[in-house]
S.K.: 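Mind looking over this structure? Questions follow.
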Amino acid sequence: MTALTLSTAGAATLRADALVVGLAKSGKALVVAPGAEAVDKAFDGRLAAVLETLGASGAEGEATKLPSPAGLKAPVVLAVGLGAAPEDGESFDAETLRRAAGTAARTLTGTKKAAFALPILAAEDAAAVAEGALLGAYAYTAYQENADAKKPLAEVALLGAKPRDKAYKAAAERAQAVAEEINRARDLINQPPNDLTPAAFAAAAQAAGKEHGLKVQVLDEKALTKGGFGGILGVGVGSVNPPRLVRIAYTHPKAEKTLALVGKGITYDSGGISLKPAGHNETMKCDMSGAAAVFSSVVAAARLGLEVNVTGWLALAENMPSGSATRPGDVLRMYSGKTVEVLNTDAEGRLVLADALTKASEEHPDAIVDVATLTGAMVLALGNRTFGIMANDDDYRTAIHEIADEVGEQSWPMPLPADLRKGMDSPTADIANMGERMGGGLVAGLFLQEFVGEGITWAHLDIAGPAFHEGAPYGYTPKGGTGSSVRTLVKLAERTAAGEL
Ligand code: BES
Ligand code: MN
Ligand code: ZN
């Protein structure tokens, strides 16, 4: 893990391998962003001009490396674009800072220590820079022999952040806990599915539970059979790696509210008997991203000591075709007692989530939020970077949308149109696991809603788009697992703790 320090040292004298500065646009002119005055001075006030000569434009996502002049201890200066400068005395937008710091950290892969002289005017700015840097300094190398080439930036020193100021210290500690938990989720998502089986995922939850004082209970296939979890069992029955339902709970003695988080944990989604064709199955190890986000968010809540109970439910199964697999046409008796006709075994996420939602509802939490890479339809609707939010309560949906905005996660509210329910009518069972093709993401949401306990506030996040990033890395987003929704869930837990929700 990348180390984070707040430093009062001057940019010129600090011992580091690289100095990160911000480059912004002010009208047509390029300007060095506040925080890097000492660096600019070492260039005789010509840093912006030098960067312009090198082709820099100050655009977001841009990174320009140049050798340091005499007078700077660090041998290299890295300028990252910040886009348009805000009005005098105002902070840069948090997401701009986060992404710029992430770009810097990624560009500095292989470097040991970097000092970040970015514009930090308040504790929130320090939090954004820290978060971006720690998220950008991520590489998944567990399965590579020559991992040294991708060694993430080892140490981040934030200049301009006040190490003895309570607000700054708290911001840095929070950023570090949240970023480390996002990176935990990324590791789980990136781990190959031949190794991250449902049992291995459950073991990881048990280990983290031990480390952070969380109560972890694991229902194995025997317990699931005894309990009548027909949805989870029906999805997992085709695999040699049996399913699990994990409950991982953080409690605070002064908590007044309990938030339940439910995650889809399909460790591999082949589609089952309704097999996915080549071209659609290469990244399906990511189908446990919801469970990873839930797991990480519960641990983050514990590390932050939030005054709220957060109960995580991880619905873990592998969706495989075999002689024992569920067939299209089979009817499952769910944990709730409802029967489901499985028309398409590739609509498996809603089956495991349904059982977990019913189980979570039994404890009467104040709210349930489920997170899932649930539908390709949501990706068609919102693209690869935005998750959809559905809920049985408009205010709660709006609150989550606003929280996501605030923490720098792209999301959009989606409806649950009642008319789409009849498409799931089954001649044989209480409901089918598929409905109309049009609005497939909303159909899935309507299915889940049927398994939420009466009177419980519920929201559903479909993160199928942003959970796994296949393109080139950008900002603090690497290739592969992203940790989508963790920041939103942690902030949601904080708001719940504060009695604001
Ligand atoms: N895991 C997939 C959804 C998915 C698609 C996640 C793309 C990430 C990227 C899910 O289990 C699935 O296969 N959904 C089907 C449902 C359909 C059969 C009703 C889909 O969206 O095609
Ligand atoms: Mn599927
Ligand atoms: Zn799936």
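For ligands, and for the atoms within them, numbers begin at 1 and follow the listed sequence.
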S.K.: Can you tell whether the side chains of Glu180 and Arg303 come within less than 4.0 Å, N to carboxylate O?
M.R.: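 Yes, Glu180 and Arg303 are salt-bridged.
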S.K.: Counting backbone and side chain alike, does Asp346 bring an N/O/S atom below 2.8 Å of the Zn ion (ligand 3)?
M.R.: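 For Asp346, the answer is no, given that no N, O or S atom comes within less than 2.8 Å of the Zn ion (ligand 3).
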S.K.: What's the spacing between Leu492 CG and Arg487 CZ if we round to 0.5 Å?
M.R.: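 Interatomic distance, Leu492 CG to Arg487 CZ, rounded to 0.5 Å: 14.5 Å.
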S.K.: Any idea which protein heavy atom is nearest atom 22 (O) of ligand 1, and the distance to it?
M.R.: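 I find the closest protein heavy atom is Gly376 N, 4.5 Å.
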S.K.: Report yes or no: do Ser322 and Ser324 form a side-chain donor-acceptor pair below 3.5 Å?
M.R.: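 Ser324 and Ser322 do have a side-chain donor-acceptor pair below 3.5 Å.
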S.K.: Say whether Thr258 and Glu363, considering side chains only, have a donor N or O and an acceptor N or O under 3.5 Å apart.
M.R.: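 Judged by distance alone, the side chains do not pair up.
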S.K.: What part of Met288 sits under 4.0 Å from ligand 1 if we count only heavy atoms: the side chain, the backbone, both or neither?
M.R.: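 No part of Met288 is near ligand 1 at this cut-off.
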S.K.: Are any of the side-chain heavy atoms of Asp405 and Ser411 separated by less than 4.5 Å?
M.R.: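 They are not in side-chain contact.
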S.K.: Would you please determine whether Met284 falls within less than 4.0 Å of ligand 1 on a heavy-atom basis?
M.R.: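 The answer is yes, since Met284 has a heavy atom less than 4.0 Å from ligand 1.
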S.K.: Heavy-atom distances under 4.0 Å decide this one: backbone, side chain, both or neither, for Lys264 against ligand 1?
M.R.: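 Answer for Lys264: side chain.
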S.K.: Please work out which of the three classes, parallel, tilted or perpendicular, describes the rings of Phe451 and Phe447, given edges at 30° and 60°.
M.R.: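 Ring orientation, 0 to 90° scale: tilted.
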S.K.: Would Glu470 count as a contact residue for ligand 1, given that I'm defining contact as a non-hydrogen atom of the residue lying under 4.0 Å from a ligand atom?
M.R.: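 For ligand 1, residue contact (heavy atoms, under 4.0 Å) with Glu470 is absent.
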S.K.: Is there an N/O/S atom in Lys264 at a distance below 2.8 Å from the Zn ion (ligand 3)?
M.R.: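 Yes - counting backbone and side chain alike, Lys264 has an N, O or S atom under 2.8 Å.
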S.K.: Going by the closest heavy atom to atom 10 (C) of ligand 1, which one wins out of Thr375, Leu374, Thr345?
M.R.: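 That would be Leu374.
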S.K.: What do you reckon, does Arg350 have a nitrogen or oxygen under 3.5 Å from a nitrogen or oxygen of ligand 1?
M.R.: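 No, Arg350 has no N/O under 3.5 Å of an N/O on ligand 1.
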S.K.: Over all heavy atoms of both residues, which pair between Leu261 and Ser297 is shortest? Give the atoms and the distance, please.
M.R.: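 Scanning both residues, the minimum pair turns out to be CD1-CB, 4.1 Å.
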S.K.: Do the ring centers of His212 and Tyr250 come within less than 6.0 Å of each other?
M.R.: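 Here the rings of Tyr250 and His212 have centres that are no less than 6.0 Å from each other.
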S.K.: Looking at ligand 1, does any of its N/O atoms fall within less than 3.5 Å of an N/O of Ala347?
M.R.: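 N/O-N/O distance below 3.5 Å does not exist for this pair.
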S.K.: Quick test: of every protein heavy atom, which one is nearest to atom 2 (C) of ligand 1, and how far off is it to 0.1 Å?
M.R.: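 Going atom by atom, the protein heavy atom closest to atom 2 (C) of ligand 1 ends up being Asp269 OD2, 3.5 Å.
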S.K.: Looking at every non-hydrogen atom in both residues, tell me the closest pair between Gly22 and Leu82 and how far apart they are.
M.R.: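 For Gly22 and Leu82, the tightest heavy-atom pair comes out as CA-CD1, 3.7 Å.
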S.K.: Are side-chain heavy atoms of Ser289 and Ile463 found at a separation under 4.5 Å?
M.R.: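 A side-chain contact under 4.5 Å exists here.
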S.K.: Under 4.0 Å from any heavy atom of Glu348, which atoms of ligand 1 are there?
M.R.: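 Once the distances to Glu348 are compared, the set is 11 (O).
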S.K.: Only N/O/S atoms count here: what is the atom of Asp269 closest to the Zn ion (ligand 3) called?
M.R.: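 Relative to the Zn ion (ligand 3), the closest nitrogen, oxygen or sulfur of Asp269 carries the name OD2.
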S.K.: Can you tell me the N, O or S atom of Glu348 that's nearest the Mn ion (ligand 2)?
M.R.: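 It is OE1, the N, O or S atom of Glu348 closest to the Mn ion (ligand 2).
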S.K.: For the atoms OD2 of Asp269 and O of Asp346, give the angle they form at the Mn ion (ligand 2), rounded to 10 degrees.
M.R.: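 Value returned, to the nearest 10°, is 170°.
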S.K.: Among Asn344, Val443, Val379, Ile463, which one has a heavy atom closest to atom 18 (C) of ligand 1?
M.R.: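 Checking each option, the heavy atom nearest atom 18 (C) of ligand 1 is found in Asn344.
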S.K.: Less than 4.0 Å is my threshold; does some heavy atom of His280 fall inside it relative to ligand 1?
M.R.: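 No, His280 has no heavy atom closer than 4.0 Å to ligand 1.
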S.K.: Tell me, which N, O or S atom in Glu348 is closest to the Zn ion (ligand 3)?
M.R.: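 That would be atom OE2.
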S.K.: Out of all atoms in ligand 1, which are within 4.0 Å of some heavy atom of Met434? Include the element for each.
M.R.: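 Numbered from 1, ligand 1 contributes 19 (C).
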S.K.: For ligand 1, note which part of Asp346 has a heavy atom under 4.0 Å away: side chain, backbone, both or neither.
M.R.: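 Both the backbone and the side chain of Asp346 come within reach of ligand 1.
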S.K.: Side chains of Thr267 and Glu318 only: does a donor on one sit below 3.5 Å from an acceptor on the other?
M.R.: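 Distance-only check fails for Thr267 and Glu318.
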S.K.: Mind checking whether Met378 has a heavy atom under 4.0 Å from ligand 1?
M.R.: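 Outside the 4.0 Å threshold, so no.
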S.K.: So if I count the atoms of ligand 1 from 1 in the order they appear, which ones are less than 4.0 Å from some heavy atom of Ala464?
M.R.: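 Near Ala464, the atoms of ligand 1 are 6 (C), 8 (C), 9 (C).
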S.K.: Taking the six-membered ring of Phe295 as reference, does the cationic atom of Arg184 (NZ for Lys, CZ for Arg) lie under 6.0 Å from its centre and within 45° of its axis?
M.R.: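 Satisfied, under 6.0 Å and within 45°.
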S.K.: Using the ring of Tyr476 (Phe, Tyr or Trp, six-membered ring only), decide whether Arg106 places NZ or CZ under 6.0 Å from its centre and within 45 degrees of its axis.
M.R.: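 Here Arg106 fails the 6.0 Å and 45° test against Tyr476.
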S.K.: Please check if the number of heavy atoms outside Lys479 that lie under 6.0 Å from its NZ is greater than 12.
M.R.: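 Count over threshold, so yes.
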S.K.: Give the name of the N/O/S atom in Asp287 that lies closest to the Zn ion (ligand 3).
M.R.: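 Restricting Asp287 to its N, O and S atoms, the minimum distance to the Zn ion (ligand 3) goes to OD2.
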